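To start, the structure under review is shown below, and the notes come after it.
Quick caveat, the model's predicted, so the values are computed rather than measured. Note on naming: letters A, B, ... go to the chains in the order of the sequence lines (proteins, then strands), and numbering restarts at 1 for each one. What you see below is based on every heavy atom in this structure, not just the backbone, and it leaves out hydrogens, waters and symmetry mates.
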Amino acid sequence: MNYNPKEIEKKWQKYWYQNKIFEAVEKPNQKKFYGLIEFPYPSGSGLHVGHIRAFTSMEVISRKRRLQGYNVLFPIGYDAFGLPTENYAIKTKTHPRIVTDRNIKMFEKQMKRIGYGFDWDRVIDTTDENYYKWTQWIFLQMFKKGLAYKAKTLVNFCPECKVVLANEESQNGICDRCGSEVVQKEKDVWFLKIRAYAERLLAGLDKLDYPEKIKVEQQNWIGKSNGADVKFTIKDNQKQKEIVVYTTRPDTIFGATFLVIAPEHPIVEEFIDSLENIEEVREYQRQAKLKKEFERVHMSKEKSGVRLNGICAVNPLTNKEIPVFIADYVIMDYGTGAIMAVPAHDTRDYEFAKKYNLPIIEVIKGGDIEKEAYVSKEGGEMVNSGFLNGMDVPQAIEAMIAYMSQKGIGTPKTDYKMKDWAFNRQRYWGEPIPIINCEKCGQVPMDEKDLPLKLPELDDFTPADDASSPLAKVTEWVNTVCPKCGGKATRETDTMPQWAGSSWYYLRYMSPRDNEHAVNPEAYKYWGQVDWYNGGMEHVTRHLIYSRFWNMFLYDIGAVTHEEPYKKRTAQGLILGADGEKMSKSRNNVVNPDDVVDEYGADVLRMFILFIGDYEKSAPWNPDAIKGCQRFLNKFWNLMDMIKEGDTKGANIDYCIKKVDEDLETLKFNTAIAQIMSTVNDIYQRGYVTKEELNKLIIILNPIAPHITSEMYEIVNGGAKIEKAQWPQYDESKLTFDVVDIPVQINGKLRARISVNKDATEQEALDNVKNNTKVLDGKQIIKVIYVPGRIINIIVK
RNA sequence: GCGACCGUGGCGGAAUUGGCAGACGCGCUAGACUUAGAAUCUAGUAUCUCAGGAUGUGGGAGUUCAAGUCUCUUCGGUCGCACCA
């Protein structure tokens, strides 16, 4: 008998998909498991080995759960709106619909060749009008609750893609998509009030089974800080105005020796006439505006600023007059755009004070302010601080907040780095925003009955140079009537960002064809939360937070009953090219899974991608190492020629089951596979395998290599199908052998080995050493350390 | 700069309540089979060695009967955050 992957794999794929073996049907009496992978963007270049790694983990868990008796939902779909398709459409003058459909077909074909156990009847596509109808519906609900609003702001605009980018899409001033430099532009922008959910998004993390690393990233992204708004007075010769600064260190106010405000802070204009150095101030403002955000951000950069001559501020606690500066290390976007500078206890203020020769007053004892700022928030002792003197920092913070609240000069405030979510793009290939602008009524939501608001047909998808959407050119689509007053009105011409469709797709899988609900309540009641969600680290802030936000919103309006969408999240590492670099077309190191399947078969590919290394770390693709998996599967296949009833000594199947069972649950696929290999090696040593042993091995290997094991199970068991089999149990009492080899150490050095019963007493072990080795001859025993079953260490003289 | 993680053969990587370092696989060496190659199989594969041992998990120190594992220190790498007041 020879193992022929080509034939076997085709046979079983046909069997699985034609018989809908993986169809998920709600069965109220059976325990459910909902496994989710991040649905792919159907790009023209097809499936990548990175996808294989990302998908195969949940594929293995899903197949294992099926064998463990769970009713499994393991769906697949396509996140198909987005720029690459649109850019391709512009270039080739092909409608994005056609491009998308073609790519989806290719992805489906490729994924089926791997043998994935997806439910192919639940496939969703975010660009399908029956899908985006509900994306629009959710947006409308948010609009009605006041969570979607339009505001004029400076936005990050990519002149190349002609599109407004979210902050996260333009980090370091570079467009995420095309790498060109981003410019600032004033525009009307739709926002979703994600900040209103900041606290819940933060608090919710406690209950979730996410790796600590992911929680930390989300916490950083939300960026909570506790502090206070404090009122300072700014004055010139004639007038005085109030300015609010934000600080997390109200305890240090007595040490505030100057004020720093952002160059674009509006108060500058209010005092512009009193400034003695207008020229200098204007020049600094101009420079600051020129600097890109990513330049302003670098701490290594030397501090710079300009004093506003002619005005000063008054410290509300000391009543002393202190100078005011504009400096670009204070940003308008955060807090109030103004700070009180306490050089003795803040590194940045310290640097600035040193450079401009400003007074540094110590208010907390404990550091050496001659050398550097003392920034610790723990302990310390307040000095030079009036009524705070003698307190430690936490006490002082509390006392100062109480004092300021009472005097009306300050109020406690919690701030977040996270901004509201800029929720529109000037592109064609996205969900149209279902809002109508009426001359009389303003922004009017579309009637839900009229959803979906379909994309109009178009020949030219090029965005206009003025940064407006291509949809703006379709006047017959744009011009409409107001749903409220029936008067003349126009549609929103912007579309939603790509993150929209992926923010709720896991819900749609539960009832993908329901025309009455985004998610069918009955289906939701059964499938509920996603039990396990695997995907990339690059999505743990944006996508994961956005979708948690949407789910919380849907929870608030009663559409779902769990506040959190995903119980457990894991993330795979990257697959690098054979050269250790990130796979990319330009480096010419991309591995196409189709080629691997052609040469080795799907089972070998699946097994190798899991065996390649630590699942959560990146690993280079080694084109030679894959042969090891091919050899192993051949060897495994040939076990069928070795079936014989006999003693099961020599190969510990129970231990193997336990190890594989546990390792699969913790994503240690590499060691699970190593254990199966090791056990098979033991069986080859012994020369035969019992049918019972083989069946167990076949079943535990099945999630990883389903084709070969389905075939083997059928052959070994007279035509029986493996999906009816049960995941094997292991016998706790058989995990270790009764007699074990343990090392004998003399003074901590390995000197011999003895064979003893695994729970022999110390005396028995010692006698064994005396009788069977010479290591104690002529030695005087001082101490014996004996760990039964592990080691014996004898200290001698 | 701050935080987290990591550093083990020629390579990918195993090994945690501290208890045989190098599982498993690749590669390599020798042999078998073959006209030859491929495939397969068998044996070997950390280093040094006076063959008794000695050394060895980035470097240095420490705790311990015992350290890849714990502590301190130092060097190198990956990721995240980064003038957030």
Side-chain angles (χ1 to χ4, degrees), chain A residues 171-172 211-214 216-221 223-225 227-228 230 245-249 252 256 260 262 294 296-303 327-331 333-342 345-349 351-352 375 415-418 537-538 540-541 573-574 578 580 607-608 611-614 616-632 634-635 638 659 668 670-681 684 740-753 782-787 789-796:
Chain A
Q171 284 174 358
N172 296 333
E212 203 47 40
K213 198 174 143 177
I214 293 180
V216 168
E217 281 196 34
Q218 295 207 355
Q219 282 158 4
N220 282 339
W221 201 74
K224 179 180 178 171
S225 72
V230 184
V245 305
Y246 178 67
T247 181
T248 55
R249 297 296 302 272
T252 62
V260 186
F294 66 98
R296 291 181 59 170
V297 140
H298 272 276
M299 202 171 183
S300 53
K301 259 196 126 54
E302 206 183 319
K303 300 272 176 300
D328 61 8
Y329 81 91
V330 172
I331 44 185
D333 267 11
Y334 186 76
T336 58
I339 63 160
M340 59 172 208
V342 184
H345 305 289
D346 181 282
T347 324
R348 296 148 300 178
D349 300 343
E351 254 180 77
F352 196 83
V375 298
D415 209 350
Y416 303 92
K417 281 193 248 177
M418 183 169 70
M537 274 311 286
E538 68 275 23
V540 304
T541 48
L574 286 176
M607 188 169 188
F608 180 60
F611 187 59
I612 200 162
D614 185 331
E616 291 169 282
K617 291 196 191 125
S618 55
W621 180 266
N622 179 342
D624 292 324
I626 194 168
K627 288 185 189 122
C629 291
Q630 187 186 37
R631 283 177 197 150
F632 170 76
N634 257 309
K635 207 168 168 183
N638 290 327
K659 176 83 177 148
K668 291 177 167 181
N670 53 339
T671 49
I673 292 167
Q675 184 57 52
I676 298 176
M677 287 173 166
S678 195
T679 303
V680 169
N681 288 346
Y684 267 78
V740 286
D741 262 17
I742 64 165
V744 179
Q745 290 185 345
I746 302 298
N747 293 341
K749 302 270 183 200
L750 179 66
R751 282 294 177 269
R753 323 177 54 80
I782 293 173
K783 191 178 173 188
V784 177
I785 297 108
Y786 172 61
V787 184
R790 302 302 287 269
I791 199 165
I792 182 164
N793 187 7
I794 305 159
I795 311 306
V796 298

Item to check | Main-chain N/O of A:Ser225 paired to A:Asp415 side chain as donor or acceptor, under 3.5 Å | outcome: no
[M] and [N], which share atom name [atom1], separated by this distance in whole Å:
N: B:G9; M: B:C83; atom1: C1'; answer: 46 Å
N: B:C20; M: B:C75; atom1: P; answer: 32 Å
N: B:A54; M: B:C6; atom1: C1'; answer: 31 Å
N: B:G31; M: B:G25; atom1: C1'; answer: 22 Å
N: B:U17; M: B:A85; atom1: C1'; answer: 44 Å
N: B:U57; M: B:G68; atom1: C1'; answer: 5 Å
N: B:C24; M: B:A46; atom1: P; answer: 13 Å
N: B:G60; M: B:A67; atom1: P; answer: 15 Å

What does [N] pair with, Watson-Crick or G-U, if both distances are under 3.5 Å?
N: B:U64; result: none
N: B:G37; result: none
N: B:C81; result: B:G1
N: B:G27; result: B:U45
N: B:G52; result: none
N: B:A15; result: none

Next on the checklist: Near RNA chain B, counting only heavy atoms under 4.0 Å, which residues of residues 621-630 of chain A show up?
Outcome noted: A:Asp624, A:Ala625, A:Gly628
Just the table, please: protein N/O against nucleotides 65-68 of chain B N/O, every pair under 3.5 Å.
unit_1	atom_1	unit_2	atom_2	d
B:C65	O2'	A:Asn793	ND2	3.3
B:C65	O2	A:Asn793	ND2	2.4

Checklist entry - Counting side-chain heavy atoms from C-beta on, which of B:G25, B:G27, B:G13 comes nearest to A:Met677? => result B:G25
Within the pair [X] and [N], is there a side-chain N or O less than 4.0 Å away from OP1 or OP2?
X: A:Ser225; N: B:A85; result: yes
X: A:Tyr246; N: B:A85; result: no
X: A:Arg631; N: B:C24; result: no
X: A:Asn220; N: B:G3; result: no

Whole-Å distance between [N] [atom2] and [X] [atom1]?
X: A:Glu616; N: B:A4; atom1: CD; atom2: P; answer: 19 Å
X: A:Lys417; N: B:G80; atom1: NZ; atom2: C1'; answer: 11 Å
X: A:Met537; N: B:C79; atom1: CE; atom2: C1'; answer: 8 Å
X: A:Asp333; N: B:A82; atom1: CG; atom2: P; answer: 13 Å
X: A:Arg790; N: B:A21; atom1: CZ; atom2: P; answer: 13 Å

NA contact type, [X], heavy-atom cut-off 4.0 Å: base, sugar-phosphate, or nothing?
X: A:Asp614; value: sugar-phosphate
X: A:Arg753; value: base
X: A:Val216; value: nothing
X: A:Thr336; value: nothing
X: A:Asp415; value: nothing

Next on the checklist: Parallel, tilted or perpendicular, judged at 30° and 60°: which one describes the rings of A:Tyr329 and A:Phe352?
Outcome noted: tilted
Item to check | For B:G10, glycosidic torsion class - syn if within 90° of 0, otherwise anti | outcome: anti
Checklist entry - Is a donor-acceptor contact shorter than 3.5 angstrom present between the side chain of A:Lys303 and the base of B:C83? => result yes
Look for any protein N or O under 3.5 Å of an N or O in nucleotides 52-55 of chain B and output each such pair with its distance, or none.
unit_1	atom_1	unit_2	atom_2	d
B:A54	OP1	A:Arg751	NH2	3.1

Next on the checklist: Are the side chains of A:Met418 and A:Trp221 in contact, using a 4.5 Å heavy-atom criterion?
Outcome noted: yes
Checklist entry - Within a strict 4.5 Å, meaning less than it, do heavy atoms of the A:Val796 and A:Asn747 side chains meet? => result yes
Next on the checklist: Both A:Lys659 and A:Glu217 contact RNA chain B. Taking the nearest nucleotide for each, which residue is further toward the 5' end?
Outcome noted: A:Lys659
Checklist entry - Taking for each residue the nucleotide of RNA chain B with the nearest heavy atom, is it A:Ile612 or A:Gly337 whose nucleotide lies nearer the 5' end? => result A:Ile612
Checklist outcome for this item: CZ of A:Phe608 to CH2 of A:Trp621, rounded to nearest 0.5 Å, is 5.5 Å
